[in-house]
Amino acid sequence: MLVLFSLALAAVASAQTLSPSVQHGKRSALPAGWSRVRRHAPDAVLPLRFGLTQPNADMNTLQELLNDVAHPDSPNYGDHWTPARVAEYFAPSKEAIHAVLSWISESGVARDRVRVGKTKGWVMLNATVAEAESLLNTEYHVYEHDSGTEHVACDAYHLPAHVVPHVEIVSPTIDFNAILNKRSTSVTSTHVRVGQPGTGTVNPVFAGKISTIFDELEHCDKQITPACLRALYKFVYPFPLAGNKNSYGIVEYTPQAYVPADLDQFFANFSSDLVGSRPVLESIDGGVVQDVQRGFNFNGESDLDLQYGMALVTKRQKVTLYQVGDLSMGASFNNLLDALDGSFCSFDGGDDPLNDGIYPDVADPTGYQGNDCGTLTPAHVISTSYGYNEADLSPAYTARQCAEYAKLGLLGVTVLYSSGDHGVAGNGANCLNPDGSQTTDGKIFNPSFPSTCPFITSVGATQVNPNATIFEPESACEQVIFSGGGFSNYFAVPDYQKGVVEGYINSHLNPSPYAAGIYNTSGTSRAYPDLSANGANYVVAVDGGFGLVYGTSASSPVVGAILTMINDARLAIGKKPIGFINPTIYSPAFQGAFNDITTGTNPGCGTTGFNATKGYDPVTGLGTPNFAKLLPLWLLAK
Ligand SMILES: *[C@@H]1O[C@H](CO)[C@@H](O)[C@H](O)[C@H]1NC(C)=O
Ligand SMILES: *[C@@H]1O[C@H](CO)[C@@H](O)[C@H](O)[C@H]1NC(C)=O
Ligand SMILES: *[C@@H]1O[C@H](CO)[C@@H](O)[C@H](O)[C@H]1NC(C)=O
Ligand SMILES: *[C@@H]1O[C@H](CO)[C@@H](O)[C@H](O)[C@H]1NC(C)=O
Ligand SMILES: *[C@@H]1O[C@H](CO)[C@@H](O)[C@H](O)[C@H]1NC(C)=O
């Protein structure tokens with residue numbers, strides 16, 4: 001992980017009052033569309049929040065903890081933690097709270113103006129801009145987006161050296177991924193997706209309506225249906241047995257919404273016993289299946305995810321829909337995580353107004369007036385087809401969220417994210433420039449988050465080659481979209497992946513055909529995706545007609561369905577769910593249970609990207625699942 005505060009530790013011992021000021025965060029460039037308009041008024045009030053360092057949440061400790069419950073060779077495989085154990089183990093120390101509180105009062109702010117959050121994770125203070133500037137040795141400015149939205153931020157900020165080890169994140173400071181004002185009436189801002197503030201293209205990609213659905217299996221190169229996927233991945237499991245113990249969650253962010261009639265139209269053709277079936281709605285922060293706005297951009301993702309997710313697990317397994325965010329404020333991944341884990345829960349100060357939906361929605365009386373914190377028991381498998389570019393977020397923000405995915409792993413949850421649809425480029429085909437900004441003519445590869453978090457499972461996309469049958473190997477997806485993949489700029493390579501990443505770099509990227517600095521060539525950074533599944537030519541019913549849809553958006557719910565059925569088989573014989581799968585799937589026995597994808601590339605940023613090759617590659621990961629091989633292996637595991 002890129003450490004922002006590397007100067008800090010040497011200075012900790014010095015007297016506190018003499019503690020030197022150390023840079024804690026700095027943004028390298030302004031995101032596209034924003035410009036700095038003026039210095040912020042000194043008497044304006046900022047809701048300053050200090051996220052305290054969680055003990056044991058460093059990457060190495062998290063890896064060790066997860067290996068203990070998630071590595072198939074561990075005697076404790078499957079012995080997942082309780083939420084209470086997670087909360088206690090990661091609670092910030094008294095020492096951290098004390099250090100921050102005394103520094104703030106030594107700086108002249110009355111102690112009774114400072115509040116410690118219920119979960120002890122956050123220290124909060126409504127500070128004037130002048131106070132905040134003095135505490136953080138910075139200057140606050142007002143920035144304006146082309147759309148007219150204003151935003152307050154600084155370019156860099158500092159903390160006293162003795163405070164640095166106790167603080168993970170301070171907001172508002174440098175983060176800039178403002179959710180553009182949802183109250184605006186223009187269509188472009190109301191359908192902004194998580195991770196695609198303002199400018200991103202919406203995936204999955206719709207390639208027009210179709211009038212004929214081909215006979216199943218003969219034309220899987222032109223149209224993917226549930227039957228094609230079952231055949232490709234030897235995924236035959238018609239009678240789930242543990243439906244009431246098992247769970248499969250699919251996440252959607254409002255205003256994305258499924259259309260009930262679309263589900264029925266799809267089920268009528270592909271899974272007729274499901275006609276009339278709906279997902280179980282778990283509304284988070286006012287999440288609604290809205291029917292006000294219609295069109296592919298509002299319904300395509302949800303219709304796709306639920307039609308395939310539900311058909312593949314059959315009627316005997318309910319699918320849970322996590323619908324996140326009200327129509328007015330919207331939401332982000334942190335809002336979902338708040339609801340899933342009370343220990344992350346941050347209604348008392350943790351969410352970042354620039355990145356996350358803040359509830360209760362005080363600014364809008366029609367918005368959600370509650371706040372969902374620790375309200376849900378997470379499903380065993382959770383699939384999300386939304387994502388950010390890593391560079392949209394600060395390293396501290398991504399680290400905090402990534403640690404939270406590790407906690408879900410400790411609880412026994414499998415977290416899947418689609419890897420992105422632009423190959424080595426990011427959302428909207430944006431690439432990085434040397435100054436850190438993102439543009440479509442940038443040259444530096446732009447990795448996807450949370451895919452680069454080592455504690456989630458990232459799913460890339462494959463295709464049945466044109467004119468090929470389901471009996472021939474698939475390639476990396478090269479139709480309409482390209483499988484997101486590459487190497488993180490923020491996260492170090494996890495142990496489970498070290499061997500294959502080194503192998504790939506030594507055999508294929510040594511020497512690298514690309515100029516230095518285009519991607520992290522060191523072999524010490526996290527590579528993604530972890531695995532893949534078909535992402536081309538999905539037959540989906542959207543807004544009353546069938547069309548063809550493309551994207552890693554399709555791949556993730558398919559992998560989720562397959563893993564959910566593996567959980568079913570384990571639960572039915574009294575075993576635990578598979579939980580965090582990465583230490584397992586990279587183990588030698590399991591690597592052989594994937595269909596290795598050895599052809600195709602993931603172009604982007606003016607290059608052909610990386611090559612799919614024998615073994616792991618940062619295009620299709622370990623390959624696509626072979627359910628018939630994976631099931632017995634996972635049934636044998638403790
Ligand atoms: C900051 O101000 C808001 C709005 O007035 C208030 O709700 C909140 O409790 C205050 N926070 C602190 C820490 O004083
Ligand atoms: C779906 O099934 C119906 C009823 O069997 C059939 O009439 C229709 O042609 C199918 N739809 C398509 C697009 O093939
Ligand atoms: C697939 O087959 C059709 C008809 O035989 C042919 O026109 C087309 O060029 C083939 N496409 C590829 C990619 O081989
Ligand atoms: C590559 O990634 C590693 C691990 O995250 C990091 O230590 C190193 O500084 C990175 N190298 C470059 C050139 O960015
Ligand atoms: C991909 O394979 C082609 C053909 O073998 C080779 O020329 C190219 O350098 C490879 N690119 C990368 C990034 O590995």
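When a ligand or atom number is given, it counts from 1 through the structure's own listing order. If you're wondering where the values come from, they're calculated on a predicted model, not measured in any experiment. The basis for the numbers below is simple: all heavy atoms, side chains too, and nothing from hydrogens, waters or symmetry mates.
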Any donor-acceptor pair under 3.5 Å linking the side-chain atoms of [Y] with those of [X]?
| X | Y | answer |
| --- | --- | --- |
| N465 | Q463 | yes |
| T598 | D596 | no |
| T439 | D441 | yes |
| Y157 | H24 | yes |
| Y550 | N537 | yes |
| T624 | N534 | no |

Atoms of ligand 5 under 4.0 Å from any heavy atom of H508, numbered from 1 in the order shown, are 14 (O)
Of all residues at least two apart in sequence or in a different chain, which pass the ring pair (Phe, Tyr, Trp, His ring centres under 6.0 Å) check with Y417?
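Y417: ring pair (Phe, Tyr, Trp, His ring centres under 6.0 Å) contacts with F333, Y405.
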If we only consider heavy atoms of G609, is any one of them less than 4.0 Å away from an atom in ligand 5?
yes
Could you please provide the protein residues found below 4.0 Å of ligand 3 on a heavy-atom basis, arranged by chain and number?
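Shell around ligand 3 (4.0 Å, heavy atoms): P466, N467.
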N or O pair under 3.5 Å between N126 and ligand 1:
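Yes; at least one N/O pair falls below 3.5 Å.
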Ignoring angles and geometry beyond distance, decide whether N611 reaches within less than 3.5 Å of ligand 5 through its nitrogen or oxygen atoms.
yes
